[in-house]
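Quick caveat: nothing in here was measured; it's all calculated off a predicted structure.
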Amino acid sequence: MSAEIKVAIVGCGKAGHMHAKSLLNIPECKFTAAQSRNPSRREEFANAYKINTYADVREMVTKEKIDVVVVCTPHPNHIAAIEAFEAGAHALIEKPLASTLADCDAIINAAEKNGKKVGVVGQRRFYPSSVRMKEAIEEGKIGKPILGTITMLGWRDEAYYRSDPWRGTWEGEGGGILVNQAPHQLDLFQWYMNDEFDELYGIWRNLNHPYIEVEDTALAIVKFKSGAIGNILVSNSQKPGIYGKVHVHGSNGASVGVQTDSGAMFIAGMSTVVAPPLNDIWTIPGEEKLLAKWEEEDARFFETIDPIEYYIRAQNRDFILSVMNNKMPMMTGKEGRKTVELSTAIYQSTKLNAPVRWPL
């Protein structure tokens with residue numbers, strides 16, 4: 001594989017710009033082209049980044065000899081990755097992997113059929129506080145994970161939903177908070193618990209956003225095959241936004257946690273990250289006093305970076321290097337499918353007013 005990977009973006013909206021800016025800062029990457037069905041957005045990208053733009057994914061991948069595409073379209077259109085695989089490119093896909101399990105499977109199967117890698121964006125895995133949690137759990141410092149929780153209390157206003165015509169609709173977005181804001185926390189939850197899902201009882205509601213079709217709040221109780229359990233509470237109904245947290249409690253009584261978001265939540269292309277992520281719970285014997293030290297270190301580091309660009313760049317570079325070195329990316333398509341399983345199960349459980357079991 002060449003020492004330089006040719007990368008293109010599929011989807012020239014807000015997320016596309018976010019990824020484009022990061023690609024310019026990756027030494028192993030040559031940001032070459034972009035695709036959009038919207039002519040004005042293609043023109044905007046061409047002018048902003050001095051690249052070629054296309055209306056067709058296959059044509060772009062073939063003509064430009066693209067190695068990797070980063071898919072930044074609305075969720076139901078993530079199946080554009082299949083065209084990229086068939087034309088010869090690998091694909092890193094913005095979260096969630098897709099809006100339905102059928103589309104997830106079609107993407108994963110197409111990647112395998114064409115011998116290509118598929119990765120999913122989950123840049124919060126790269127936060128120092130998130131990495132600490134994963135390492136502590138893998139090292140057995142809390143025993144076995146037996147209880148995991150997500151609490152995400154955020155806010156989205158009407159201007160946000162009006163900013164793109166697909167937002168807040170079943171057809172255009174495939175869901176609400178579960179498929180747009182919560183996938184990061186759902187991913188960390190399943191990553192840390194590292195267990196197979198068994199059963200879920202969930203409820204979704206639209207509590208205070210009458211101008212959208214989809215849910216702004218969801219709750220769930222999760223059972224894992226090992227006997228571990230979990231609880232999920234995610235909501236966009238708290239103004240201006242409070243926090244997003246993932247906590248894991250272990251069989252030896254120790255607990256670890258990360259607060260990935262605080263205050264007004266980050267919105268791609270519309271706001272910035274206002275506070276550093278931090279570990280907010282840490283009761284591993286002998287390590288209880290490390291929280292203050294880490295909080296100071298993480299705050300100091302946060303001041304030296306553009307947190308949006310930095311972590312998106314880390315995600316993109318991880319995938320580019322996985323292609324260059326034929327290694328697994330940080331989050332594979334199969335890992336990304338797990339977050340879609342959770343959101344799908346909550347939708348199904350609400351419809352049935354009953355628990356649902358795996359396989360879905």
Novice: Nearest 0.5 Å, please: how far is CD1 in I82 from CZ in R58?
Specialist: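 Spacing of CZ (R58) from CD1 (I82) equals 9.0 Å.
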Novice: Which heavy-atom pair separates F189 from L342 by the least distance, and what is that distance?
Specialist: CD2-CD1, 4.2 Å
Novice: Looking at I221, I'd like to know if its CD1 atom is crowded, meaning that more than 12 non-hydrogen atoms belonging to other residues, nucleotides or ligands lie closer than 6.0 Å.
Specialist: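 Open.
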Novice: Closest approach of P329 and G119, non-hydrogen atoms and distance?
Specialist: CG-CA, 4.4 Å
Novice: Check for me, please, whether L290 and F301 land in the same ILVMFWY cluster - side-chain distances under 4.5 Å, paths through other members count.
Specialist: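 Yes, because L290 and F301 connect within a single hydrophobic cluster, where side-chain heavy atoms sit under 4.5 Å apart.
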Novice: Which class fits the ring pair W358 and F197: parallel under 30°, tilted 30 to 60°, perpendicular over 60°?
Specialist: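 Tilted, since the angle between the ring planes falls between 30° and 60°.
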Novice: Report the residue from E296, E297, E303 that forms a salt bridge (charged side-chain N to carboxylate O under 4.0 Å, His left out) with R300.
Specialist: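 Testing R300 for a salt bridge (charged side-chain N to carboxylate O under 4.0 Å, His left out) against E296, E297, E303 leaves exactly one candidate, E296.
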Novice: Output yes when a side-chain donor or acceptor of H247 lies under 3.5 Å from a complementary backbone atom of G257, and no otherwise.
Specialist: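 Absent.
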Novice: Output yes when a side-chain donor or acceptor of W170 lies under 3.5 Å from a complementary backbone atom of E213, and no otherwise.
Specialist: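 Pair found, side chain donor or acceptor close to backbone of E213.
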Novice: Are any of the side-chain heavy atoms of Y201 and N353 separated by less than 4.5 Å?
Specialist: yes
Novice: Side chain to side chain donor-acceptor pair (under 3.5 Å) with R125: which residues, sequence neighbours excluded?
Specialist: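 Testing R125 for side chain to side chain donor-acceptor pair (under 3.5 Å), a comparison that skips the adjacent residues, returns D187, E335.
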Novice: Establish whether V7 and I51 are linked, either directly or via other cluster members, by ILVMFWY side-chain heavy-atom contacts under 4.5 Å.
Specialist: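 Yes, one cluster joins them.
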Novice: Would you please name every residue forming a side chain to side chain donor-acceptor pair (under 3.5 Å) with E287, sequence neighbours left out?
Specialist: K141, W282
Novice: Is there a donor-acceptor contact under 3.5 Å from the side chain of K134 to the main chain of L188?
Specialist: no
Novice: Can any side-chain N or O of S255 pair as donor or acceptor with the backbone N or O of T283 at less than 3.5 Å?
Specialist: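 No, the answer is negative, given that no donor and acceptor are paired below the 3.5 Å cut-off.
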Novice: Could you pull out all residues at least two apart from R317 that satisfy side chain to side chain donor-acceptor pair (under 3.5 Å)?
Specialist: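 For R317 the side chain to side chain donor-acceptor pair (under 3.5 Å) partners, ignoring immediate neighbours, are E28.
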Novice: Is K14 paired with D164 through a side-chain N to carboxylate O contact shorter than 4.0 Å?
Specialist: yes
Novice: Pick out which of K113, K334, R337 makes a salt bridge (charged side-chain N to carboxylate O under 4.0 Å, His left out) with D105.
Specialist: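 Running salt bridge (charged side-chain N to carboxylate O under 4.0 Å, His left out) over K113, K334, R337 with D105 returns exactly one hit, R337.
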Novice: Please find the pair of heavy atoms, one from W155 and one from G241, that lie closest to each other, and give the distance.
Specialist: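 That would be CB-N, 3.9 Å.
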Novice: Set out, in order, the CA-CA distance, both residues' side-chain angles and the distance that settles side-chain contact (heavy atoms from CB on, under 4.5 Å) for I305 and Y311, then state yes or no.
Specialist: CA-CA 9 Å; I305 62 172; Y311 291 110; 3.8 Å; yes
Novice: Between M60 and V10, is there a side-chain heavy-atom distance shorter than 4.5 Å?
Specialist: yes
Novice: Do you know the tightest heavy-atom contact between G230 and F224?
Specialist: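 Looking at all heavy atoms of both residues, the closest pair is N-CE1, 4.2 Å.
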Novice: For the pair K30 and E64, find out whether any cationic side-chain nitrogen is under 4.0 Å from an anionic carboxylate oxygen.
Specialist: no
Novice: For the pair N231 (side chain) and T149 (backbone), establish whether a donor and an acceptor sit closer than 3.5 Å, ignoring hydrogens and angles.
Specialist: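 Checked: no pair found.
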Novice: Does the pair V179 and V214 meet the rule for a side-chain contact (heavy atoms from CB on, under 4.5 Å), with working shown?
Specialist: CA-CA 10 Å; V179 301; V214 296; over 6 Å; no
Novice: Restricting to non-hydrogen atoms, name the atom on V234 and the atom on I177 that form the minimum distance, rounded to 0.1 Å.
Specialist: C-CD1, 3.7 Å
Novice: Using side-chain heavy atoms (C-beta onward) and a distance below 4.5 Å, is H19 in contact with I312?
Specialist: yes
Novice: Using 0.5 Å steps for rounding, measure from the CE atom of M330 to the OG atom of S322.
Specialist: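 Those atoms lie 11.5 Å apart.
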Novice: Closest heavy-atom contact between V340 and A98?
Specialist: CG2-O, 3.5 Å
Novice: Under 4.5 Å between side-chain heavy atoms, hopping through other hydrophobics if needed: is there a path connecting I26 to V121?
Specialist: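 Yes, one cluster joins them.
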Novice: Go through the structure and list residues passing ring-ring contact (aromatic ring centres under 6.0 Å, His included) with F45, not counting sequence neighbours.
Specialist: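 If we apply the ring-ring contact (aromatic ring centres under 6.0 Å, His included) test to F45, skipping adjacent residues, the hits are H17, Y49.
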Novice: Any heavy-atom pair between the side chains of I284 and I142 that's under 4.5 Å?
Specialist: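 Answer yes - side chains close enough.
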Novice: May I ask you to decide if S99's main-chain N or O and D103's side chain share a donor-acceptor pair within less than 3.5 Å?
Specialist: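 Checking the backbone N and O of S99 against the side chain of D103, no donor-acceptor pair under 3.5 Å is found.
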Novice: Taking I146 as the starting point, is it possible to reach V248 by hopping between hydrophobic residues whose side chains are less than 4.5 Å apart?
Specialist: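 No; I146 is not reachable from V248 via cluster members.
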Novice: Exactly one of T260, T151, V258 should register a side chain to side chain contact (heavy atoms under 4.5 Å, CB included) with Q185. Which one does?
Specialist: T260
Novice: Does Y160 offer a backbone N or O that forms a donor-acceptor pair with the side chain of S163 under 3.5 Å?
Specialist: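 Yes, because the side chain of S163 sits within donor-acceptor range (under 3.5 Å) of the backbone of Y160.
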Novice: Verify, without hydrogens or angle tests, whether S130 (side chain) and R124 (backbone) share a donor-acceptor contact under 3.5 angstrom.
Specialist: yes
Novice: Measuring from atom CZ of R37 to atom OG1 of T73, what distance do you get when rounded to the nearest 0.5 angstrom?
Specialist: 8.0 Å
Novice: Looking at K225 and E196, does any basic side-chain N land under 4.0 Å from a carboxylate oxygen?
Specialist: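 Salt bridge between K225 and E196, a charged N being under 4.0 Å from a carboxylate O: no.
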Novice: Does anything in residues 238-251 form a salt bridge (Lys or Arg N to Asp or Glu O under 4.0 Å)? List the pairs, not counting sequence neighbours.
Specialist: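 Output for this query lists K245-D280.
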Novice: From E43 CD over to S36 OG, what is the distance, rounded to the nearest 0.5 angstrom?
Specialist: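 Between atom CD of E43 and atom OG of S36 there are 12.0 Å.
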Novice: Side-chain contact test, heavy atoms from C-beta onward, threshold under 4.5 Å: evaluate it for T350 versus R205 and give yes or no.
Specialist: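 A side-chain contact under 4.5 Å exists here.
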Novice: Using 30° and 60° as the class limits, which term best fits the ring planes of F319 and H90: parallel, tilted or perpendicular?
Specialist: perpendicular
Novice: Could you tell me the separation between the CD1 atom of I229 and the CG atom of D195, rounded to the nearest 0.5 Å?
Specialist: 12.0 Å
Novice: Looking at side-chain heavy atoms only, is the closest gap between F31 and N316 below 4.5 Å?
Specialist: no
Novice: Would the number of heavy atoms belonging to other residues, nucleotides or ligands and lying under 6.0 Å from NZ of K223 be above 12?
Specialist: no
Novice: Does any N or O in the side chain of K116 come within less than 3.5 Å of the main-chain N or O of G88, such that one atom is a donor and the other an acceptor?
Specialist: yes
Novice: Do L278 and W294 belong together in a cluster built from hydrophobic side chains that touch within less than 4.5 Å?
Specialist: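 No; W294 is not reachable from L278 via cluster members.
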Novice: Only counting residues at least two apart or in another chain, list the ones meeting side chain to side chain donor-acceptor pair (under 3.5 Å) with E59.
Specialist: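 Here the qualifying residues are K63.
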Novice: Could you please spell out the steps behind the side-chain contact (heavy atoms from CB on, under 4.5 Å) verdict for Y243 and L153?
Specialist: CA-CA 6 Å; Y243 50 70; L153 304 173; 4.1 Å; yes
Novice: What's the separation between atom CD1 in I232 and atom CG in L200, rounded to the nearest 0.5 Å?
Specialist: 6.0 Å
Novice: Just wondering, do C12 and T53 contact through their side chains at under 4.5 Å, heavy atoms?
Specialist: no
Novice: May I ask you to test the Q315-L92 pair for a side-chain heavy-atom distance under 4.5 Å?
Specialist: yes
Novice: Please check this pair: side chain of N180 against backbone of G176, looking for a donor-acceptor N/O pair closer than 3.5 Å.
Specialist: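 No, the answer is negative, given that no donor and acceptor are paired below the 3.5 Å cut-off.
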Novice: Evaluate side-chain contact (heavy atoms from CB on, under 4.5 Å) for D198 paired with R357, printing each intermediate quantity in order.
Specialist: CA-CA 6 Å; D198 184 41; R357 295 191 65 108; 2.9 Å; yes
Novice: For the residue pair N194 and E138, confirm or rule out a side-chain donor-acceptor distance under 3.5 Å.
Specialist: no
